[in-house]
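Working notes, beginning with the structure itself.
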Amino acid sequence: MTGQEPPKNPHGDDGQQPPDTGMGMTAVSYLIAGMLVWGGIGWLVDHWVGTRGIFAGIGAVVGMAAGVYLIVRRLGA
């Protein structure tokens with residue numbers, strides 16, 4: 001064992017992560033953020049118009065569609 005360098009990190013990994021690390025969390029965050037943002041805008045429109053949840057539901061669906069679009073566009077899934 002002489003002549004070998006000791007590991008740089010005592011835990012055994014060199015700190016390099018695979019290139020796809022975090023893509024799953026990125027995809028989930030796009031979906032959740034889209035639902036929250038567009039659902040919130042829909043809720044504000046509901047409040048302004050005086051309806052009960054119609055535009056919030058439409059906004060959540062539009063937000064999910066936008067999240068899927070971003071996932072396909074940015075992550076290439």
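Residues take their numbers from the sequence shown, with the count starting at 1.
Within the structure, the side-chain hydrogen bond (donor to acceptor under 3.5 Å, both in side chains) test picks out the following pairs touching residues 47-65 (sequence neighbours left out): Asp46-Thr51.
Clustering ILVMFWY residues whenever any of their side-chain heavy atoms sit less than 4.5 angstrom apart, transitively, puts Tyr30 in a cluster other than the one holding Tyr69. Both Leu36 and Val28 sit in one connected hydrophobic cluster of ILVMFWY residues. Membership requires side-chain heavy atoms under 4.5 Å apart, directly or through other members. Linking ILVMFWY side-chain heavy atoms closer than 4.5 Å, directly or via other members, places Met23 and Val68 in a single hydrophobic cluster.
Summarising the geometry of Met64 relative to Leu31, their closest heavy-atom pair is O-CD2, 3.8 Å, with the distance given to 0.1 Å.
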